[in-house]
Amino acid sequence: MSTLPTGGKVAVFSAGSWGTAFSVVLADAGNDVTLWARRPEVAEAIAERRENPDYLPGVELPPSVTATADVEEALRGADVVVLATPSQSLRENLTAWAPHIERDAVLVSLMKGVELGTQDRMSEVIGQVTGAGPERIAVISGPNLAKEIARREPAASVVACADEDVAQVLQQRCHTAAFRPYTSTDVLGCELGGAYKNVVALSVGMAVGLGFGDNTTASVITRGLAETARLAMKLGANPLTLMGLAGLGDLVATCSSPLSRNRTFGEKLGQGMSTEEIYASTKQVAEGAKSCSSLLALAERTGVDAPIAQHVDAVVAGRMTAKQMMEAFIARDTKSEIY
């Protein structure tokens, strides 16, 4: 039975667009929220202007959201700690933060990536670094475009935790008039759906950047869902998870919206920019560009055919152009493929 209270203080790490947007959700749901910012000037701007000018300009933050660059201050008394850092920096950051986390705090991942080298999901990294058991680690995933969430446009998502009671309390802690969370115990399925959709969105963006239309993008999205499901099910996920908000819902939003960082990154690749040029032109992180090689390695280790991950990784690494990738999709042998 969960001992997590239905109200209290939540610490959110860090103050990027999604972390800031989810702070709005948490505040609207009745929590006291402390938003940790890596740069003191961001915390000061939030305190003075009641907005995050670097990542969500124009969005007024509720009075119950405070900001700090002090890790200990942010974590003091927090019974829920929400992690919204870039996936590839989680282990290093969390190692520094862990000594200050309250002993029974529930750790919630908003991240959608797979760690380079280890191929660990974010919940696995959290458990390894903090020693927290599965009953204290949760994941929130779904169609979560930060700007729309921050503007309080109607949206739904999934709160997943191995402990169903914890998932239900967290559901209450982030349920607002505009944000409807559902619960699940399939942490693995939610995480793989969230990570893989970024890679698919890169390929959809490349198709758009090349000037192709809806038939092409719909084909890539459908093949991407099939590829995601093959890997997730092989690893033990519930196939229904991939048909829901954390699978199909997140995939459609990320592949279709110009607000999606991964689709936008893919469009620029399709237009001929290199990965290095795109990185230099933006301060936002496209998780799919970082996680495509990890997901490909995970698929290879599991014995799952993953052509989208394979080709996206090749384009991101500069071994193939976006045009060559699309040509390779069409040329593939279809004897053993079912879509």
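Positions are given from 1 along the sequence.
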(request) Compare all side-chain heavy atoms of Met326 with those of Ser203 and state whether any distance is below 4.5 angstrom. (result) no
(message) Do Val108 and Val166 sit in one hydrophobic cluster, given that two such residues count as connected whenever their side-chain heavy atoms are within less than 4.5 Å of each other, even indirectly?
(response) yes
(request) Side-chain contact test, heavy atoms from C-beta onward, threshold under 4.5 Å: evaluate it for Pro143 versus Leu245 and give yes or no. (result) yes
(request) Work out which heavy atom in Thr216 is nearest to a heavy atom in Ala207; give both atom names and the distance. (result) CG2-CB, 3.9 Å
(message) Rounded to the nearest 0.5 Å, what separates atom CZ in Phe22 from atom OG in Ser157?
(response) 7.5 Å
(message) Using a strict threshold of under 4.0 Å (side-chain N to carboxylate O), is an ion pair present between Arg223 and Glu227?
(response) no
(request) Measure the shortest side-chain to side-chain distance between Gln171 and Arg180 over non-hydrogen atoms and say whether it is less than 4.5 angstrom. (result) yes
(message) Would you compute the distance between atom OG of Ser109 and atom CD1 of Ile126 and round it to the nearest 0.5 angstrom?
(response) 4.5 Å
(request) Output yes when a side-chain donor or acceptor of Arg50 lies under 3.5 Å from a complementary backbone atom of Val65, and no otherwise. (result) yes
(message) Nearest 0.5 Å, please: how far is CG in Leu248 from OG1 in Thr241?
(response) 12.5 Å
(request) Look at atom NZ of Lys9 and say whether more than 12 heavy atoms of other residues, nucleotides or ligands are closer to it than 6.0 Å. (result) yes
(message) Before you tell me yes or no, could you show the steps for Leu235 and Leu298 under side-chain contact (heavy atoms from CB on, under 4.5 Å), namely the whole-Å CA-CA distance, both residues' side-chain angles and the distance that decides it to 0.1 Å?
(response) CA-CA 10 Å; Leu235 290 170; Leu298 183 60; 4.0 Å; yes
(request) Taking all non-hydrogen atoms of both residues into account, name the closest pair between Ala246 and Val158 and its distance. (result) N-CG2, 4.0 Å
(request) Any chance you could lay out the side-chain contact (heavy atoms from CB on, under 4.5 Å) test for Asn52 and Val42, step after step, and finish with the verdict? (result) CA-CA 7 Å; Asn52 187 335; Val42 174; 4.0 Å; yes
(request) Working to the nearest 0.5 Å, report the span between OG1 of Thr20 and CH2 of Trp18. (result) 11.0 Å
(request) List the atom of Leu202, the atom of Gly288, and the distance in Å for their closest heavy-atom pair. (result) CD1-C, 3.4 Å
(message) To check you understand the geometry: which heavy-atom pair defines the closest contact between Gly193 and Thr228, and what is its length?
(response) CA-CG2, 4.1 Å
(request) Could you tell me how the ring of Phe13 sits relative to the ring of Trp36: parallel (under 30°), tilted (30 to 60°) or perpendicular (over 60°)? (result) parallel
(request) Evaluate the side-chain contact (heavy atoms from CB on, under 4.5 Å) criterion for residues Glu102 and Leu75: first the C-alpha distance (whole Å), next the side-chain angles of each, then the deciding distance (0.1 Å), finally the verdict. (result) CA-CA 7 Å; Glu102 299 287 345; Leu75 290 169; over 6 Å; no
(message) Distance check, rounded to the nearest 0.5 Å: Phe179 atom CZ versus Leu26 atom CG?
(response) 8.5 Å
(message) Could you check whether any side-chain N or O of Thr321 sits under 3.5 Å from a backbone N or O of Gln324, counting only pairs where one atom can act as donor and the other as acceptor?
(response) yes
(message) If only side-chain N and O atoms count, and only distance matters, is there a donor-acceptor pair under 3.5 Å linking Ser87 with Glu287?
(response) yes
(request) Would you mind telling me which of Lys290, Arg91, Arg121 makes a salt bridge (Lys or Arg N to Asp or Glu O under 4.0 Å) with Glu115? (result) Arg91
(message) Under the ring-ring contact (aromatic ring centres under 6.0 Å, His included) definition, can you give me all pairs with a residue in residues 254-313, not counting sequence neighbours?
(response) Phe265-Tyr279, His311-Phe329
(request) Look up atom OG in Ser293 and atom CD in Gln310, then write down how far apart they are to the nearest 0.5 Å. (result) 13.0 Å
(message) With heavy-atom distances below 4.5 Å as the criterion, would you say the side chains of Lys197 and Lys112 are in contact?
(response) yes
(message) Could you go through Asp104 and Asp79, starting from their C-alpha distance and side-chain angles, then the distance that decides it, and tell me whether this counts as side-chain contact (heavy atoms from CB on, under 4.5 Å)?
(response) CA-CA 7 Å; Asp104 295 325; Asp79 59 357; over 6 Å; no
(request) Please tell me if the side chains of Ser64 and Asn31 come closer than 4.5 Å, counting only heavy atoms from C-beta onward. (result) no
(request) Side-chain contact test, heavy atoms from C-beta onward, threshold under 4.5 Å: evaluate it for Pro181 versus Ile140 and give yes or no. (result) no
(request) Please answer whether the main-chain N or O of Asp250 pairs with a side-chain N or O of Thr254 as donor and acceptor at a distance below 3.5 Å. (result) yes
(request) Please check if any side-chain donor atom of Asn93 sits under 3.5 Å from a side-chain acceptor atom of Thr85, or the reverse. (result) no
(message) How close do Ile46 and Ala15 get, counting heavy atoms only, and between which atoms?
(response) CD1-CB, 4.4 Å
(message) I'd like to know if Asp163 and Arg136 make a salt bridge, using a cut-off of under 4.0 Å between side-chain N and carboxylate O.
(response) no
(request) Quick one: closest heavy-atom pair of Val187 and Ser123, and the distance? (result) CG1-OG, 3.8 Å
(message) I'd like to know if Leu231 and Met233 are part of one continuous hydrophobic network [Ile/Leu/Val/Met/Phe/Trp/Tyr, side-chain heavy atoms within less than 4.5 Å].
(response) no
(message) Using the rule that Ile, Leu, Val, Met, Phe, Trp and Tyr join whenever any side-chain heavy atoms are under 4.5 Å apart, tell me whether Val312 and Leu295 fall into a single cluster.
(response) yes
(message) Strictly distance-based, threshold 3.5 Å: is any side-chain N or O of Thr118 a donor or acceptor partner for the main-chain N or O of Asp120?
(response) yes
(message) Is it true that, when you exclude Glu73 itself, more than 12 heavy atoms of the residues, nucleotides or ligands shown sit nearer than 6.0 Å to its CD?
(response) yes
(message) Counting only heavy atoms not in Glu153 (residues, nucleotides, ligands), do more than 12 fall under 6.0 Å from its CD?
(response) yes
(request) Measure the shortest side-chain to side-chain distance between Ser14 and Arg38 over non-hydrogen atoms and say whether it is less than 4.5 angstrom. (result) no
(request) Could you tell me whether the side chain of Val139 reaches within less than 4.5 Å of the side chain of Met122, counting heavy atoms only? (result) no
